Amino acid sequence: MPELPEVEVTRRSFASQIAGAQVLSVTLGKPLRWPLGRAPSSLVGARVQQVRRRGKYLLIDLDRGMLMVHLGMSGSLRFATQLPAALGPHEHFDMQTDRGTLRLHDPRRFGAVIATDGDDDPVARKLLDGLGMEPLDAHHFRWESFRDGLARSRTPIKLLLLGGKLVVGVGNIYASEVLFASRIAPTTPAQAISAIKARRLFQAIRDILALAVERGGTTLRDFSNADGLPGHFQLQAKVYGREGLPCVQCGRPIALLRQGQRSTFYCPHCQKS
DNA sequence: AAATTGACCTGTCAGC
DNA sequence: TGCTGACAGGTCAATT
């Protein structure tokens, strides 16, 4: 479910509500991708300061430590005052505070909640170091760095975008969408992309992710923010999930391709190397 | 160093 | 109806 826009929409939907809250108790369901990292009771009494995001990680700063939350493939967060006391079968992390309860729902359990000492904690460093540029941060997402990153790689551009080493947050849906918007074939080796097209791709990543955040996420499936609301003005995918349907530009059928065991959707007529 | 591939886990859907 | 296989929005570890 969650690529950068969905994670950012989630962050915005509960960050200001949870800021200043004091942790009352923590309950765990089934194990997630990684263990919490310390006893849940050690979080009790801590105060939440702010909620940041790095790539697809949510970083919840506490007055002692930092909680890292990743939604994996199927995770979603709720923050509310009135939640059922008992955890459902797919709810695996629950943090009660004096302002409400933060609860992770994650059927596939590819997500993670990790308690660390902060940004410099080795566990946090291991996960966050090496992540690429933040596409919605103008200071970090630099055209020169992006262009140089493309020039250094022969990897097919779709896979390079998914990799997260050059730019973070572009997942399987948005990778197909930004390549369609910039009219680049997904198999094109990164270093073979012309300057003109690279520039279009750079802009498309910024514009499409920003628009998706504005609209509250994608239209696919059942994404909802931490208020449990779906968000009414969700972004329409132009190619993702549209195999065989007419291209919105030229009317020819959208094609499906497998790259790195993931589906890529594209228009063979509109997108060229 | 860069590029593949497999693994994690559960739900859903198409086809027989 | 039930079974089987394919697939799903992510990413890390192990292997070439």
Side-chain angles (χ1 to χ4, degrees), chain A residues 1-10 29-35 37 53-58 68-77 87-93 104-114 122-132 149-179 186-192 205 208-209 212-213 215-225 230-231 234-244 256-265:
Chain A
M1 176 199 312
E3 299 182 34
L4 185 149
E6 291 73 36
V7 176
E8 177 61 16
V9 166
T10 297
K30 290 188 194 171
L32 294 165
R33 186 171 219 268
W34 290 292
R53 180 187 55 74
R54 177 74 176 100
K56 295 169 191 164
Y57 287 94
L58 287 170
M68 303 178 65
V69 179
H70 197 290
L71 300 177
M73 291 280 265
S74 59
S76 61
L77 280 176
L87 294 188
H90 300 311
E91 294 171 340
H92 307 301
F93 176 83
L104 175 70
H105 178 267
D106 184 6
R108 288 179 76 182
R109 291 189 282 131
F110 286 176
V113 181
I114 307 164
V123 175
R125 292 287 294 270
K126 180 160 188 227
L127 294 170
L128 299 178
D129 284 5
L131 290 185
L150 294 183
R152 266 186 263 109
S153 173
R154 262 153 286 151
T155 302
I157 185 59
K158 162 76 177 339
L159 293 174
L160 184 66
L161 292 176
L162 272 189
K165 297 258 187 278
L166 180 58
V167 55
V168 293
V170 181
N172 206 38
I173 294 177
Y174 294 108
S176 284
E177 295 299 316
V178 298
L179 288 171
T187 49
T188 314
Q191 62 184 196
I205 291 169
I208 290 178
L209 293 183
V213 171
R215 303 257 175 113
T218 63
T219 113
L220 276 199
R221 295 287 163 80
D222 49 351
F223 171 70
S224 61
N225 64 26
Q234 298 194 324
L235 194 67
Q236 193 75 36
K238 290 202 166 84
V239 287
Y240 187 87
R242 299 193 67 247
E243 185 195 8
L256 169 62
L257 182 70
R258 290 234 138 228
Q259 292 180 287
Q261 294 131 276
R262 316 287 311 270
S263 294
T264 302
F265 297 87

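We name chains A, B, ... by the order of the sequence lines, and we start the count at 1 in each one. The structure displayed is predicted, hence computed values, not measured ones.
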Nearest to the side chain of A:K56 - C:dG10, B:dA3, B:dC9?
C:dG10
How long is the gap from NE2 on A:H105 to CD on A:E91, to the nearest 0.5 Å?
6.0 Å
Hey, mind stepping through A:T264 and A:R258 against side chain to side chain donor-acceptor pair (under 3.5 Å) and telling me if it holds?
CA-CA 6 Å; A:T264 302; A:R258 290 234 138 228; over 6 Å; no
Give the intermediate values and the outcome of side chain to side chain contact (heavy atoms under 4.5 Å, CB included) for residues A:L77 and A:V69.
CA-CA 9 Å; A:L77 280 176; A:V69 179; 4.3 Å; yes
Applying a 4.0 Å non-hydrogen cut-off, can you work out what A:R154 is touching in the nucleic acid: base, sugar-phosphate, or nothing?
sugar-phosphate
Whole-Å gap separating C1' (B:dT5) and CD (A:Q259)
15 Å
Could you check whether the side chain of A:R108 and the base of B:dC9 have a donor-acceptor pair of N or O atoms closer than 3.5 Å, going by distance alone?
yes
Compare every heavy atom of A:V168 with every heavy atom of A:R54, then report the nearest pair and how far apart it is.
NH1-CG2, 3.8 Å
What is the distance from CG of A:L127 to C1' of C:dG10, rounded to the nearest Å?
13 Å
Euclidean distance for C1', C:dT11 against B:dT12 (whole angstrom)
23 Å
If a stem is a run of at least 3 consecutive Watson-Crick or G-U pairs, both distances under 3.5 Å, which stems include DNA chain C?
B:2-8 with C:10-16, B:10-16 with C:2-8
Separation of atom CG in A:L166 from atom P in C:dT11, rounded to whole Å:
15 Å
Roughly how many Å apart are B:dC9 and C:dC3, using the P atom of each and rounding to a whole number?
23 Å
Looking at every non-hydrogen atom in both residues, tell me the closest pair between A:F110 and A:R33 and how far apart they are.
O-CD, 3.2 Å
Check if the side chain of A:R33 and the base of C:dT11 share a donor-acceptor pair of N or O atoms closer than 3.5 Å.
yes
Tell me whether the ring of A:F110 lies stacked over the B:dC9 base, given a 5.5 Å limit on centroids and a 30° limit on the plane angle.
no
As a quick check of understanding, evaluate side chain to side chain donor-acceptor pair (under 3.5 Å) for A:T10 and A:N225, giving each step before the final call.
CA-CA 5 Å; A:T10 297; A:N225 64 26; over 6 Å; no
C:dA8, OP1 or OP2 - any side-chain N/O from A:R258 closer than 4.0 Å?
yes
Side-chain contact check for A:K126: nearest option of B:dT10, C:dC12, C:dA13 is C:dA13
Rounding to a whole Å, what distance do you find between A:Y240:OH and C:dG10:P?
8 Å
Taking 4.0 Å as the cut-off, does a side-chain nitrogen or oxygen of A:H70 come that near to OP1 or OP2 on C:dT11?
yes
Taken to the nearest whole Å, CG/A:L4 to C1'/C:dG10 is 13 Å
Closer to the 5' end of DNA chain B via nearest nucleotide, is it A:S153 or A:Q261?
A:S153
Rounded to whole Å, CG of A:D129 lies from C1' of C:dT11 at a distance of 16 Å
Let's see if you can work this out: which of B:dA3, C:dG10, B:dG11 has an atom nearest to the side-chain heavy atoms of A:P107?
B:dG11
From C-beta outward on A:H90, which listed nucleotide comes closest to its side chain: C:dT11, C:dC12, B:dT10?
B:dT10
Check the distance between B:dA3's C1' and A:Q191's CD and give it to me in whole angstrom.
14 Å
Once you apply a heavy-atom cut-off of 4.0 Å, does A:R152 come out as touching a base, just sugar-phosphate, or nothing?
nothing
Assuming nearest nucleotide by heavy-atom distance, tell me which of A:K165 and A:F265 is located more 5' along DNA chain C.
A:F265
From A:E243 atom CD to A:L256 atom CG, the distance as rounded to the nearest 0.5 Å:
4.5 Å
Please state how far atom CZ in A:R242 lies from atom C1' in C:dA8, giving the value in whole angstrom units.
19 Å
Does some side-chain heavy atom of A:V167 sit less than 4.5 Å from a side-chain heavy atom of A:L160?
no
Minimum-distance nucleotide (side-chain atoms of A:S263 versus C:dC7, C:dG10, B:dC9)
C:dC7
How long is the span from the CG atom in A:L32 to the NE2 atom in A:H92, to the nearest 0.5 Å?
6.5 Å
